[in-house]
Amino acid sequence: MAAPNLSHDPLGELPLIEGTQTDQTINDSLLTHVLRGAGKGWWMLFGCALSMLGLLVIAISWTLYKGIGVWGNNIPVGWAFGIINFVWWIGIGHAGTLISAILLLFQQKWRTSINRFAEAMTLFAVICALLFPLLHTGRPWFAAYWLMPYPSVQRIWPQFKSPLTWDVFAVSTYFTISLLFWFLGLVPDLAALRETTKSKTKRFIYGLFAMGWRGSGRHWAEYKWAYLLLAGLSTPLVLSVHTIVSFDFATSVIPGWHTTIFPPYFVAGAVFSGFAMVMTWMIPARHFLGLKHVVTMKHLENMNKIMLVTGMMVGYGYLMEHFIAWYSGNPYEMGQFFLTRWHGPMRWIFRTMMFCNVVVPQIFWLKRFRTSIPVMWVAAILINVGMWCERFNIVVTSLHRDFLPSSWKDYAPTWVDLSLFIGTIGLFSTLFLLFLKFVPAVALTEVKELRHELAEHDVVAGETHA
Amino acid sequence: MSAGHEDSGFVARRFVVAEFATPEALLAGTRKVREGGYKDVDTHTPIPIHGLEAALGLGRPKIPTIVLCGAIAGICIAYSMIYFCNVIDFPINVANRPMHSPPANIPITFELAVLLAGGSSFFGFFTLAGLPKPYHPIFESEQFGRAAIDAFFLSVELPVGADADRALADVRAAGAASAELVHESER
C-alpha cells in the first residue's frame with residue numbers, strides 16, 4: 001500500500017496533513033501569510049474593522065460622558081445589552097480553550113492545526129467581553145475598589161459571597177491564563193519566524209518576542225510539562241468560567257434565571273457558539289492564508305460534529321427548562337416559559353433562537369452537509385446569531401415580565417447599545433486581522449511534531465513511502 | 001587559542017555545534033558524546049523529541065513541583081483574603097447569614113489557585129530556562145538558525161583549555177553530519 005501523503009490516522013480516511021510535506025515546506029507554507037505584505041483584501045477588511053472600532057470609541061466616549069442612562073436598560077430590565085454581549089463574547093472564547101486544552105489532554109491530533117487560531121479568538125473575545133461589565137459599572141475608574149479587594153482609605157471590601165465578585169476573579173483569571181498559554185505555545189514558532197524572515201527589522205522584533213529560544217533539549221524537557229500543566233489547569237478553568245457566569249443568573253429568584261441546569265447548559269452553549277465563531281473565521285482564513293493543507297476537510301468535519309453534539313446539549317437545556325418550569329408548578333416559571341417566551345413581545349427572538357440553535361445543527365447528521373463549505377459557513381453564522389438570541393432571551397425576556405404585571409415594561413436598545421455591540425465586533429475583527437498578519441495562525445511546531453508522529457506511524461504500520 | 005582579548009579579561013566561551021540528519025541519529029549521537037565524557041551537552045531541535053531527556057541525562061522535571069506550590073499558595077491566599085475581608089475587617093450582616101460561609105468561598109479560591117498555578121508554570125519555566133536571553137554564543141553559527149526550522153543540532157560547551165580539534169573529531173565520530181567550532185563574541 002503506497003502512502004504518498006501522511007494519511008494514516010486511525011480515526012478516518014481523511015488526512016490531517018495533505019500532500020507530501022517536510023518540516024521545511026510546512027515551515028514555509030505556514031509562515032507565508034506573515035512574511036508577505038498585506039494584500040488588498042486584508043486592507044479592505046481591516047478598513048471595515050477599523051471603522052466599526054471607531055464606532056466603539058464614539059459609543060464608549062458618549063457612555064462615559066453621559067453615564068449609562070444613554071443605554072436602553074431600565075427597571076425592570078436592569079440588565080440588557082451589556083450583559084448579553086458580555087456572556088456572548090465570553091462564550092465565544094470558550095472554544096479556544098476547549099480546543100487547546102481539553103483536546104490536548106484527550107490527545108486529539110486534529111487540534112494542532114486550529115488551536116493557535118482558536119486561542120487567539122479566546123483572547124480577543126475576552127477583551128471584548130471585559131469591556132461590558134466595566135462600562136456597566138458606570139464609572140470604570142472606581143471599579144478598582146468595587147470589584148477588586150483594593151485597600152482604599154475607606155476600608156471597605158467587596159462582598160465575596162456575591163457571584164458578581166466571583167465573576168471578576170473568574171474572567172480575569174481566564175484572560176491571564178489564556179494569554180500565558182497562548183504565548184508559551186507561540187515561543188518556538190516565533191523562533192522559527194525569527195530564523196525564516198529575511199527582513200532585519202522583523203528578525204529583531206520576532207527575536208525579541210521569541211525570548212532567545214534556541215530549542216534546547218533542557219528547555220524542551222521543562223517546556224513540555226509547563227505547557228501540559230497549563231492545559232490541565234485551563235480545562236477546569238474553562239468549565240468554571242461559564243459556570244460562574246451562569247451563577248450570576250441562577251442564584252437569583254427571577255423566573256427564567258432560577259434554575260439548576262444553568263451551569264452545564266451555559267458551558268455547552270459557550271462551546272457551541274465558540275465553535276461556530278471559529279468556523280466563521282476559519283473557513284475564509286484557510287482559503288486566503290493558504291492553510292488548506294493543514295486545516296483539512298477532516299478538521300472542519302470534526303468541528304461540525306462538535307457543533308452537532310453541543311447543539312443538542314443546548315437543545316436538551318431548553319427542553320429541561322420548560323419541563324422544570326411545568327414540574328415546579330410555579331405559575332411565574334410556567335408563565336415565563338410557556339407564555340412570555342413563545343408568545344410574548346420578544347417571541348421572534350425566542351423563535352429565531354430555537355430555529356438557529358436546535359434545528360440548524362441537525363443538518364450535520366448528513367455527511368454531505370458536514371463536508372460542504374457553503375452549508376457549514378452559513379450554519380455557523382446562524383448559530384452565532386442563535387446564541388446571541390439565547391442570551392437576549394435569558395437576560396431581557398426573563399426580566400421584562402417578572403412577577404407583578406404592574407412592573408412589566410418592554411425593552412428597546414438605543415443607538416449606543418447597538419454601537420457598542422457592533423463596535424466590539426470591530427474590535428474583535430481588528431485584533432484578529434492584526435493577529436493573522438503578524439503571528440503564525442497555525443501552531444507551526446505542533447504541526448511539525450504531528451508530521452513526525454504520523455510519518456513514524458506510517459513506517460510502523462509497514463507502509464512504504466512512494 | 002581563545003578568541004578573547006586577554007587585556008579585558010574576557011575569555012570567549014567555545015561551543016562545538018554539530019548537525020545530525022535525523023532525530024534518531026541525534027539521540028544516539030547525544031548518548032555517545034556524553035559517554036565520551038563531555039559534560040555540557042545540549043540539543044537544539046525544532047520540535048520536542050521523545051527520549052531526549054534520557055539521552056541528555058536530565059533528572060525529573062521541576063515544573064510540576066513549582067506548579068503545585070503555586071496552586072497551594074493560591075488556595076491559602078484566596079481563602080485568607082476572603083476570610084479577612086468578609087469576617088474580620090468588614091463583616092456585613094445580610095439576613096443573619098453566617099459571616100464565614102465556606103461554599104461561597106470555593107469559586108474565588110479555585111480561580112486564584114488556577115491563576116497562581118498557571119502563573120508559576122509560565123514564569124517558572126522561563127526562570128528555569130534562563131530566558132529571555134537575547135544572545136547566546138551558539139547563535140554565532142551560520143547554520144544554527146535551522147534548528148528552529150527543520151534541523152537537529154547538538155552543542156557541546158568546551159571547558160577552558162580543552163582541545164577543540166579532538167572534540168570536533170569525537171562529535172563527528174558520534175554520527176554528526178557536520179560540525180563546527182563557534183566562539184562567543186565580545187560585546
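Order of the sequence lines fixes the chain letters, A, B, ..., with proteins taken first and strands second; residue numbering starts at 1 for each chain. These numbers come from the heavy atoms of this one structure, side chains and all, not from hydrogens, waters or symmetry mates.
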Engineer: Ignoring hydrogens and angles, tell me if any N or O in the side chain of A:K161 forms a donor-acceptor pair with the backbone of B:H100 under 3.5 Å.
Structural biologist: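 No; judged by distance alone, with no hydrogens or angles, the pair does not exist.
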Engineer: Which bit of B:L128 comes within less than 4.5 Å of chain A, counting heavy atoms only: side chain, backbone, both or neither?
Structural biologist: side chain
Engineer: Enter the distance from A:L229:CG to B:I66:CD1 here, rounded to the nearest 0.5 Å.
Structural biologist: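 Going from the CG atom of A:L229 to the CD1 atom of B:I66 covers 10.5 Å.
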Engineer: Rounded to the nearest 0.5 Å, what's the gap from OG on A:S216 to NE2 on B:H136? Could you check?
Structural biologist: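 The OG atom of A:S216 sits 8.0 Å away from the NE2 atom of B:H136.
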Engineer: Less than 4.5 Å apart, side chain to side chain, heavy atoms only: is that true for A:F160 and B:M81?
Structural biologist: yes
Engineer: Which bit of A:R155 comes within less than 4.5 Å of chain B, counting heavy atoms only: side chain, backbone, both or neither?
Structural biologist: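 Both the backbone and the side chain of A:R155 come within 4.5 Å of chain B.
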Engineer: Any idea which of A:G212, A:G207, A:A191, A:A210 has the most non-hydrogen atom pairs under 4.5 angstrom with chain B?
Structural biologist: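 When all of A:G212, A:G207, A:A191, A:A210 are compared, A:G212 has the most.
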Engineer: Given heavy-atom pairs under 4.5 angstrom as the criterion, report whether the side chain, backbone, both or neither of A:T196 touches chain B.
Structural biologist: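 A:T196 touches chain B through backbone and side-chain heavy atoms alike.
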Engineer: Can you sort out the partners of A:H219 under side chain to side chain donor-acceptor pair (under 3.5 Å), two or more places apart, ordered by chain and number?
Structural biologist: none
Engineer: Find the one option among A:E195, A:E222, A:E446, A:K224 whose heavy-atom pairs under 4.5 Å with chain B are most numerous.
Structural biologist: A:E222
Engineer: Which bit of A:W220 comes within less than 4.5 Å of chain B, counting heavy atoms only: side chain, backbone, both or neither?
Structural biologist: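 Contact with chain B involves the side chain of A:W220 alone.
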Engineer: Taking all atoms of both residues into account, what is the closest heavy-atom pair of A:R214 and B:F144, and its distance?
Structural biologist: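 So the minimum-distance heavy-atom pair works out to O-CZ, 3.7 Å.
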Engineer: Quick check on B:V114 against chain A: is it the side chain, the backbone, both or neither that has a heavy atom closer than 4.5 Å?
Structural biologist: both
Engineer: May I ask you to test the B:F84-A:P149 pair for a side-chain heavy-atom distance under 4.5 Å?
Structural biologist: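 Of all side-chain heavy-atom pairs linking A:P149 with B:F84, none is under 4.5 Å.
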Engineer: Can you tell me which portion of A:S162 sits under 4.5 Å from chain B's heavy atoms? Options are side chain, backbone, both or neither.
Structural biologist: neither
Engineer: Minimum heavy-atom separation for A:I244 and B:P107, please, with both atom names.
Structural biologist: CD1-CB, 3.8 Å
Engineer: Under a 4.5 Å heavy-atom cut-off, does chain B meet the side chain of A:P158, its backbone, both or neither?
Structural biologist: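 A:P158 touches chain B through backbone heavy atoms alone.
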Engineer: Around B:K62, counting heavy atoms of other residues, nucleotides and ligands shown, do more than 12 lie under 6.0 Å from its NZ?
Structural biologist: no
Engineer: For chain A, which of B:I63, B:T30, B:V41 has the most heavy-atom pairs under 4.5 Å?
Structural biologist: B:I63
Engineer: So for atom NE2, which belongs to A:H258, do other residues, nucleotides or ligands contribute more than 12 heavy atoms lying within a distance under 6.0 Å?
Structural biologist: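 Incorrect, the count does not exceed 12.
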Engineer: Heavy-atom cut-off 4.5 Å, strictly under: side chain, backbone, both or neither for A:I156 against chain B?
Structural biologist: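 Interface part for A:I156: both.
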Engineer: With a 4.5 Å cut-off on heavy-atom pairs, point out which of B:C85, B:S120, B:A129, B:P48 contacts chain A the most.
Structural biologist: B:P48
Engineer: Give the minimum heavy-atom separation between B:A148 and A:K448, together with the two atoms involved.
Structural biologist: O-NZ, 3.4 Å
Engineer: Can you tell me how far apart OG1 (B:T109) and CH2 (A:W166) are? Round to the nearest 0.5 Å.
Structural biologist: 10.5 Å
Engineer: Report yes or no: does B:S121 contribute a side-chain atom to a donor-acceptor pair with the main-chain N or O of A:A226 at less than 3.5 Å?
Structural biologist: yes
Engineer: Give the minimum heavy-atom separation between A:G217 and B:L58, together with the two atoms involved.
Structural biologist: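 Answer, listing the atom of A:G217 first, then B:L58: O-CD1, 4.1 Å.
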Engineer: Please determine, among A:Y223, A:F183, A:Y227, A:F169, the option with the most heavy-atom pairs under 4.5 Å with chain B.
Structural biologist: A:F169
Engineer: Is it the backbone or the side chain of B:P91 that comes under 4.5 Å from a heavy atom of chain A, or both, or neither?
Structural biologist: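 Neither part.
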Engineer: For residues B:F125 and A:L184, report the shortest heavy-atom separation together with the two atoms involved.
Structural biologist: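 So the minimum-distance heavy-atom pair works out to CD2-CD1, 3.7 Å.
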Engineer: In terms of heavy-atom pairs under 4.5 Å, which option from B:S155, B:A71, B:P132 contacts chain A the most?
Structural biologist: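 Top option by heavy-atom pairs under 4.5 Å: B:P132.
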Engineer: Nearest 0.5 angstrom please: B:F126 CZ to A:L180 CG, how far?
Structural biologist: 9.0 Å
Engineer: Going from OG1 on A:T165 to CD1 on B:I108, what distance comes out if it is rounded to the nearest 0.5 angstrom?
Structural biologist: 4.0 Å
Engineer: Taking all non-hydrogen atoms of both residues into account, name the closest pair between B:N86 and A:Q159 and its distance.
Structural biologist: OD1-OE1, 3.3 Å
Engineer: Given heavy-atom pairs under 4.5 angstrom as the criterion, report whether the side chain, backbone, both or neither of B:A117 touches chain A.
Structural biologist: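 Both backbone and side chain.
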Engineer: Side chain, backbone, both or neither: which part of B:F153 has an atom under 4.5 Å from a heavy atom of chain A?
Structural biologist: neither
Engineer: Taking side chain as everything from C-beta outward and backbone as N, CA, C, O, which of these in B:Y83 sits under 4.5 Å from a heavy atom of chain A? Side chain, backbone, both or neither.
Structural biologist: neither
Engineer: What residue in B:A55, B:P23, B:G124, B:P61 has the most heavy-atom pairs under 4.5 Å with chain A?
Structural biologist: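 If we count pairs closer than 4.5 Å to chain A, B:P61 comes out on top.
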Engineer: Which bit of A:V187 comes within less than 4.5 Å of chain B, counting heavy atoms only: side chain, backbone, both or neither?
Structural biologist: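 Side chain of A:V187 only, per the 4.5 Å heavy-atom cut-off to chain B.
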Engineer: When you look at CZ of A:F209, are more than 12 heavy atoms from neighbouring residues, nucleotides or ligands closer to it than 6.0 Å?
Structural biologist: no
